[in-house]
Each structure stands twice: as C-alpha cells, then as structure tokens.
**Student:** 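One structure, pasted below without further comment.
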Amino acid sequence: MKNWEVILSVAGEGGGIQLCGQKRDDGTWSFARYINELTFDDAGPIDAHSHVVHTWEEALELIESYPWTQLSPQEVHPEFRLHIWKEAESSGSRLDQWRDICKISDIELLTDWIASSRYMVVLTGAGMSTESGVPDFRSQKGLWTKYDPFAVSHIDMLEKDYPAFHEFYSYRMCELKKVQPNDGHKILSRWQKEGIVKFLATQNVENLHQHAGSTDVAQLHGGLETVQCHSCGSPASTDSFIERESCAACGGNLRPNITLFGEMLPQDIWNRTFEEIAKSDLLLIIGTSLQVSPVNQLPKEAGGKVVVLNLDETPFDQDFDLVIRGKAGDVLRQAERQLTASKK
Ligand code: APR
C-alpha cells in the first residue's frame, strides 16, 4: 500500500492487522484493512487487503470482526490516537498499553471521563483555595505548621481557652474577607450550572465555592460565615464574634458554625454526601490530604471511577483510578478547554 500511512497496527500470535489510511488533498481520509500474515476462515485464505472505505465508522467496521483491542498495540497514528483510545477504552482490554501507545495524558483521560460521566461528584479540600491566597493546613506553609490544631481548633480548647480560640478564628475570619474565588472555584461553578457536576461537597469553611456561584454546597466541616452561641445556640453576626461580644440571649461564648476537632460532622450533610458519592460514576477529589476522618473514608464509597487531583500524595492514592499531580486551577482550566473543544 504505497503512500498509505499506518493508522493502527496490532499484533497477535496468529498474525497482525493493520488499518491503513491515505489522506486526500481535502484533508479527508480513505481507509483499508491489511492483514500482514495470511489467515484463513472456512472459505479459505482471507483477502490480505480489504476494499477501501472513506469514513472512520466504516474503517472501524473493517476491523470490528477481529479482536483488535485484545491484541498487542504496535503503532497508532497521532491524528487518530483519541479515536482509537475511545474504542480501546470501551473494550476494557489492555488499557495501560493502549493508553501508553495513544499517548493519552492525565488531563485527556480526566476530560474523557468527565465527558462520558452521567453523575459526577466533586469533593474538595483546602488545596482548592490556596490559589486564592488561603493557606491550607498540612502543606509545608500550612496553618498547622504555625498553630497546634488542638490548641486552637478543638472543642475542648473552645471551652478551656476561649481567648486563644477567639484569636485564631477572628483572625481567620478577617483574613478570609479579603480573598476571592479562583479559576478552579469558578470552573466548578460553571460545570455545576452546565449539569456536569451533580453534587459538590467541601471540607472548606471559607465559602469560596458559594462566592464563585456554586449552589447547594455540602459543607462537611461547616462554614465561618455564620456564628452562634456555644451555650444556647442563638445565632449571632460574625462582626459580634470578631468584636468578642457575648451572646445577646444568654451571655455565652460565640463561635463560628464549623466542625471543630472532637465534634461530630453535621449528620444530614454527611448522610447526603455519602449517598451522592455512592451514586456517582465519577468522583473528582481536589486539594485534600485525606488525612482527616471521617471525610477520608468517603472515596471508598464511590459508585464508579475515583480521580484525585492533589499536589502531594495522599494515603489512598493507590486505591484511585487516576492520580493527577498538579495545581487545581491549572488542571481544571486545561480540562475545561478540552471539554469545550470536544463539543465543537
Ligand atoms: N492544587 C492542588 N492541590 C493543592 C494545592 C493546589 N493549588 N494547594 C495545596 N494542595 C494540596 C496539598 O498538597 C495538600 O495535600 O491540598 C492538600 C491540602 O491538605 P490539607 O492542608 O490537609 O487540607 P484538607 O485536606 O482540606 O484538611 C482537611 O483538616 O484541619 C482540618 O478542618 C480542617 O477541613 C480541614 C481538614
């Protein structure tokens, strides 16, 4: 087949199959199948060369009667690597080999899974907000490298050392008033509006998902934007907490509505998140070290594929279908670009 290009070449013990292509001046392709060692069916030798076809769908028909996805991939044409990956992926055979030879990047795989998901759920942690200037907790410059979490964020300390508790959280509230959602928050908000993200749960308490436009956000660890009396539960304003006022109803200590160490998570929010993750066919976990229970137990309840996008390793990486080491904003921007391009 002179001046034909190899589109796909696979090999097996009994011989190999090639799908070849010829690019026409107008950029469209003709295809033909070539069997590079004579094979036989009950009518005798199978014709080495097939007839020529002119669409990708017909090209796939030329090879569909052979178990090509189960054979060893030898060569894939760069212009057809995504088409061939889609076919190989749906077969479920030799996925690592096909992903390697089709040169499918982590972001292409993530985008492919997002595009084909029916129920995508997202779970975020503090790494979602570091690009907004909000320090996370356990990275090298995280808050817990400067403060002892059990000295400022444990229920016992609220009751035994209210001044230290108040100083830490009034400082955090004032700092968080200065920050804005980043691209990652905004992309997740757009994906929720487009129906791509069906449910968003976060461990974060600074409400940047909501400020980016996300709705119905499951705040597993509560939020700093509402305050109540620790004694009688009466609501109060964040300003009255920052000013260190006492509860107007009972004179008790005010506190933000967050889950402190030693406290139970809000049961209704936990239950709903558990159910949504169990229902998901794709769970995307972004920016969390998965060091804190019980949230770090949620990924194993996922109903389908689990992807983690995190700068550092997590203790559960080996259990996930895809681990992407990268910055949330960068990866989500690239994924959104690819999703948009794939719709054209
Ligand atoms: N992109 C991706 N990942 C990032 C980024 C980023 N831009 N910035 C930081 N990360 C990663 C870090 O590598 C780290 O592993 O985010 C993770 C954040 O982990 P933690 O600081 O432990 O925060 P988180 O997992 O949300 O903590 C859970 O612990 O202290 C409690 O209540 C607090 O909700 C918090 C919980």
Side-chain angles (χ1 to χ4, degrees), residues 106-107 110 122-158 165 168-169 171-173 175-176 179-188 200-210 212 217-225 255-266 269-270 273 283-299 306-318 320 322-336:
D106 286 347
I107 291 172
L110 171 64
V122 176
L123 170 64
T124 67
M128 188 74 225
S129 303
T130 53
E131 292 165 68
S132 292
V134 181
D136 65 11
F137 297 97
R138 295 174 184 83
S139 287
Q140 275 163 7
K141 297 197 184 96
L143 277 175
W144 297 156
T145 62
K146 299 181 182 72
Y147 295 90
D148 169 3
F150 296 99
V152 292
S153 189
H154 195 286
I155 181 63
D156 293 349
M157 296 316 289
L158 187 162
F165 172 86
F168 178 71
Y169 278 105
Y171 163 74
R172 285 206 75 199
M173 279 182 184
E175 287 302 295
L176 291 173
V179 299
Q180 295 300 320
N182 60 56
D183 281 353
H185 295 108
K186 292 171 191 167
I187 290 167
L188 292 180
L200 172 61
T202 187
Q203 301 172 86
N204 301 340
V205 294
E206 84 289 295
N207 287 52
L208 286 178
H209 283 301
Q210 292 90 327
V217 178
Q219 288 190 285
L220 291 157
H221 291 164
L224 284 175
E225 292 190 353
R255 53 157 303 166
N257 285 333
I258 58 171
T259 308
L260 298 171
F261 287 107
E263 287 187 309
M264 293 286 287
L265 275 66
I269 293 175
W270 168 262
T273 302
L283 172 62
L284 174 55
I285 303 168
I286 307 175
T288 174
S289 62
L290 291 174
Q291 304 255 351
V292 174
S293 172
V295 171
N296 65 0
Q297 299 305 305
L298 283 171
V306 181
V307 180
V308 64
L309 161 52
N310 204 55
L311 278 179
D312 293 319
E313 277 183 28
T314 79
F316 304 90
D317 281 354
Q318 72 283 350
F320 298 143
L322 179 60
V323 175
I324 301 178
R325 285 279 165 268
K327 292 184 78 173
D330 291 346
V331 172
L332 292 175
R333 273 190 295 271
Q334 292 177 68
E336 186 177 50

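Just so you know, ligand 1 is whichever comes first in the structure, and atom 1 is the first atom listed for that ligand. A quick note: this is a predicted structure, and the numbers were derived from the prediction, not measured. Position 1 is the first residue of the sequence; numbering continues from there.
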**Student:** For the pair Asp317 and Arg325, find out whether any cationic side-chain nitrogen is under 4.0 Å from an anionic carboxylate oxygen.
**Tutor:**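 Answer for the salt bridge query: yes.
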**Student:** Are the side chain of Asn204 and the backbone N or O of Glu206 linked by a donor-acceptor pair below 3.5 Å?
**Tutor:**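 No, Asn204 side chain to Glu206 backbone: no donor-acceptor pair under 3.5 Å.
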**Student:** What residues, two or more places apart in sequence or in another chain, satisfy ring pair (Phe, Tyr, Trp, His ring centres under 6.0 Å) together with Tyr147?
**Tutor:**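 Residues passing ring pair (Phe, Tyr, Trp, His ring centres under 6.0 Å) with Tyr147: Phe168.
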**Student:** From the options Asn257, Asn207, Thr202, Thr259, select the one residue that forms a side-chain hydrogen bond (donor to acceptor under 3.5 Å, both in side chains) with Gln219.
**Tutor:** Asn207
**Student:** Which pairs with one or both residues in residues 132-155 pass salt bridge (Lys or Arg N to Asp or Glu O under 4.0 Å), sequence neighbours excluded?
**Tutor:**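 Of all non-adjacent pairs touching residues 132-155, none passes salt bridge (Lys or Arg N to Asp or Glu O under 4.0 Å).
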**Student:** Short N or O contacts of ligand 1 with protein, under 3.5 Å, listed by atom name?
**Tutor:**
from	atom 1	to	atom 2	distance (Å)
ligand 1	1 (N)	Ala328	N	2.9
ligand 1	3 (N)	Leu311	N	3.2
ligand 1	7 (N)	Thr130	OG1	3.2
ligand 1	7 (N)	Glu131	OE2	2.8
ligand 1	8 (N)	Thr130	OG1	2.8
ligand 1	13 (O)	Asp312	N	3.1
ligand 1	13 (O)	Asp312	OD2	2.8
ligand 1	15 (O)	Asn310	ND2	2.9
ligand 1	16 (O)	Gly287	O	3.4
ligand 1	16 (O)	Asn310	OD1	3.2
ligand 1	19 (O)	Ser289	N	3.1
ligand 1	21 (O)	Phe137	N	2.7
ligand 1	21 (O)	Arg138	N	2.8
ligand 1	22 (O)	Arg138	NH1	2.7
ligand 1	22 (O)	Ser289	OG	2.6
ligand 1	25 (O)	Thr288	OG1	2.6
ligand 1	25 (O)	Ser289	N	3.0
ligand 1	25 (O)	Ser289	OG	3.4
ligand 1	26 (O)	Ala126	N	2.8
ligand 1	27 (O)	Arg138	NH1	3.0
ligand 1	29 (O)	Arg138	NH1	3.0
ligand 1	29 (O)	Arg138	NH2	3.1
ligand 1	30 (O)	Arg138	NH2	3.2
ligand 1	30 (O)	Trp144	NE1	2.8
ligand 1	32 (O)	His221	ND1	3.4
ligand 1	34 (O)	Gln203	O	3.1
ligand 1	34 (O)	His221	ND1	2.9

**Student:** Apply ring pair (Phe, Tyr, Trp, His ring centres under 6.0 Å) to Tyr171 and list each qualifying residue two or more places apart in sequence or on a separate chain.
**Tutor:**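 Counting only residues at least two positions away or on another chain, Tyr171 forms no ring pair (Phe, Tyr, Trp, His ring centres under 6.0 Å).
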